[in-house]
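All chains are named by letter (A, B, ...) in the order of the sequence lines, taking the proteins before the strands, and each is independently numbered beginning at 1. Just so it is clear, the values below take in all heavy atoms, side chains as well, and ignore hydrogens, waters and symmetry mates. As the structure is a prediction and not an experimental result, all values here were calculated from the model.
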Protein chains: 2
Amino acid sequence: MLSTRTASNTTAPTQILQARNGHSYAYRRFGGGSALPLLCLQHFTGTLDNWDPAVTDPLASRREVILFDNAGIGRSSGDVPETVAGMTAHVMAFLDELGLTRCDVLGFSLGGMIAQQMARDYPSIVRRMILVGTAPRGGEDIMHLEKPSLAKPLQDPQYRGYSVLQKIFFAPTTTSQAAGAAFIARLLPRTDDREPPSGPNVAKAQIAAFREWERFTGERFAGLKGVRNPTLVVQGFHDEMIPVRNSYWLSENLPNAVLITYPDSGHGSLFQFHESFTRQATAFLGSDSTFAPY
Amino acid sequence: MLSTRTASNTTAPTQILQARNGHSYAYRRFGGGSALPLLCLQHFTGTLDNWDPAVTDPLASRREVILFDNAGIGRSSGDVPETVAGMTAHVMAFLDELGLTRCDVLGFSLGGMIAQQMARDYPSIVRRMILVGTAPRGGEDIMHLEKPSLAKPLQDPQYRGYSVLQKIFFAPTTTSQAAGAAFIARLLPRTDDREPPSGPNVAKAQIAAFREWERFTGERFAGLKGVRNPTLVVQGFHDEMIPVRNSYWLSENLPNAVLITYPDSGHGSLFQFHESFTRQATAFLGSDSTFAPY
């Protein structure tokens with residue numbers, strides 16, 4: 001364990017945890033306080049470097065924030081699983097090796113699917129969940145990068161690296177795109193100790209996991225009914241990557257969930273409205289009630 | 001104790017305002033602080049006495065809260081208009097007579113429709129809006145009391161007066177019904193200076209207004225696009241009286257709205273989760289941002 005911890009994702013060192021399953025996992029752990037640690041699970045192709053300090057750092061003022069690269073992402077070893085369940089197994093191996101038996105979870109997009117799987121399969125480990133820009137199993141139109149609204153910017157050579165993120169994570173308005181530019185600017189100050197960006201194999205495996213997550217058997221969304229963890233569901237309603245109706249389904253079928261939707265924003269609503277989001281998340285995580293409303 | 005508090009709907013005197021249009025309006029005005037007054041517009045058949053002190057009183061700690069009985073309700077004179085626009089005209093006459101040129105508005109159910117009409121027709125008078133358990137013009141399944149889920153409790157002789165409110169404003173769960181009983185208990189301490197309850201003619205006219213509000217011409221919800229007031233939309237997602245999809249439409253079509261939905265609750269979600277609701281409402285009303293997220 002490193003002795004130096006700075007409470008920002010701009011400066012926190014990347015650590016490598018060697019787990020008993022033979023995998024090594026890249027992660028960052030920073031902040032402190034009396035609250036339970038908050039495990040942050042990342043979006044499609046994102047690494048530790050894609051977590052906005054404007055989101056992680058305020059949350060780290062009251063608790064440890066743990067950012068995690070799943071298998072095959074960044075410097076974490078192995079192949080990217082082609083199912084959410086497979087990714088969840090890596091999260092559990094990581095937590096087990098850390099000795100963490102209970103935590104809160106912030107799952108963004110793909111990370112929100114893993115958080116749901118965790119809550120369903122290991123309800124005693126997850127206390128409260130924040131699900132941002134994500135979808136339930138059996139959800140619709142999850143990360144269909146081939147549809148024109150996404151394929152066009154993704155294939156446009158003028159958008160590369162972070163600029164494509166700005167384009168597709170934010171709504172096509174002046175205000176949202178400006179928020180996207182500010183988000184990108186907040187990622188740039190970390191110049192050392194960065195994770196290698198994800199390549200096409202990562203994308204391919206994660207897309208396979210999305211396709212598998214869209215499938216369901218039996219009663220649709222029935223799996224959510226048993227997840228009683230207090231949950232905060234958040235989404236920008238211009239989300240082209242995972243449409244907001246998926247968050248409606250989450251909040252309608254999870255028995256103990258509050259939904260917040262943000263205007264003028266897309267997939268990256270938590271980054272656009274980072275002040276509101278961290279205030280809401282802090283209040284939600286700070287509640288000891290068995291009810292989700294906070 | 002409640003009885004010694006002045007800034008409370010339990011004890012605030014009912015006042016009568018004589019307006020230049022010949023109408024007299026019953027209202028209560030209490031609380032204080034530097035924030036703009038908050039005008040509260042009530043639900044179907046509700047009077048001043050139906051405002052939960054657990055909602056009004058915390059809000060009155062930073063601002064004046066003004067509760068209003070529209071024409072034909074309680075001790076307000078005249079007939080109940082059969083359109084939301086007609087009710088809005090009475091609100092405007094009341095504000096004009098009070099000399100209020102700018103305020104925040106909390107509109108619950110029918111009151112939320114009036115609030116929308118005000119924001120659309122008089123955008124400079126309304127600063128921020130909170131719309132709870134309501135629907136846009138062109139919304140669906142608005143207060144169809146003839147449908148079995150509502151007709152059954154409404155026609156059941158075991159439910160009368162406040163007990164029918166508990167039944168239909170709260171979800172059919174032990175926790176929500178208990179919250180409903182607590183809500184009713186908070187309405188009872190006001191024993192003097194109460195408004196006469198609404199009779200069948202009030203209900204008939206207001207139902208006519210709901211039917212008119214369901215109609216639309218041209219592009220559905222287009223009228224919301226021009227309403228740029230920061231808006232907080234709130235709904236319990238078990239709402240049988242005005243289903244939650246109406247709040248989805250509101251937040252998707254109002255350009256500057258945040259949506260919060262509450263679990264395990266119905267039409268009276270603001271009363272069930274009064275601590276959360278007043279905290280969220282206070283933060284929302286306290287924001288000076290041009291953006292709704294707070």
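- Neither the backbone nor the side chain of A/Ser265 comes within contact range of chain B; no heavy atoms are under 4.5 Å apart.
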Listed pairs under 3.5 Å, donor-acceptor, residues 177-186 of chain A side chains, sequence neighbours left out:
from	atom 1	to	atom 2	distance (Å)
A/Gln177	OE1	A/Gln166	NE2	3.4
A/Gln177	NE2	A/Gln166	O	3.3
A/Gln177	NE2	A/Ala171	O	3.2
A/Arg186	NE	A/Asp52	OD1	2.8
A/Arg186	NE	A/Asp52	OD2	3.1
A/Arg186	NH2	A/Asp52	OD2	2.6
A/Arg186	NH2	A/Phe271	O	3.1

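- Interface remark: of the candidates B/Tyr248, B/Tyr262, B/Tyr294, B/Tyr248 forms the most heavy-atom pairs closer than 4.5 Å to chain A.
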Inset, instruction - Apply salt bridge (Lys or Arg N to Asp or Glu O under 4.0 Å) to the pair B/Arg63 and B/Asp104, showing each step before the final yes or no. - result: CA-CA 10 Å; B/Arg63 62 187 57 74; B/Asp104 291 329; 5.0 Å; no
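- Contacts of B/Gln280 with chain A are made by side-chain atoms alone, with heavy-atom separations under 4.5 Å and no backbone atom involved.
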Inset, instruction - Assess whether side chain to side chain donor-acceptor pair (under 3.5 Å) is satisfied between A/Thr56 and A/Asn9, documenting all intermediate values. - result: CA-CA 7 Å; A/Thr56 57; A/Asn9 191 35; 4.9 Å; no
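- Both the backbone and the side chain of B/Glu252 come within contact range of chain A, with heavy atoms under 4.5 Å apart.
- The structure places OG of B/Ser251 at 12.0 Å from CG of B/Asn256, a figure rounded to the nearest 0.5 Å.
- Only the side chain of B/Phe237 comes within contact range of chain A, with heavy atoms under 4.5 Å apart.
- Only the side chain of B/Val244 has a heavy atom closer than 4.5 Å to any heavy atom of chain A.
- Contact annotation for B/Phe277: neither backbone nor side-chain heavy atoms come within less than 4.5 Å of a heavy atom of chain A.
- When heavy atoms are compared at a cutoff of 4.5 Å, A/Pro293 approaches chain B by way of both its backbone and its side chain.
- The CD1 atom of A/Ile260 sits 10.0 Å away from the CZ atom of A/Phe284 when rounded to the nearest 0.5 Å.
- Aromatic pair A/Phe108/A/His267: centroids less than 6.0 angstrom apart.
- When A/Ser276, A/Ser287, A/Ser289 are compared by the number of non-hydrogen pairs under 4.5 Å with chain B, A/Ser276 comes out ahead.
- The backbone N or O of A/Leu259 sits nowhere less than 3.5 Å from a side-chain atom of A/Gln235 that would complete a donor-acceptor pair.
- Only the side chain of A/Phe273 comes within contact range of chain B, with heavy atoms under 4.5 Å apart.
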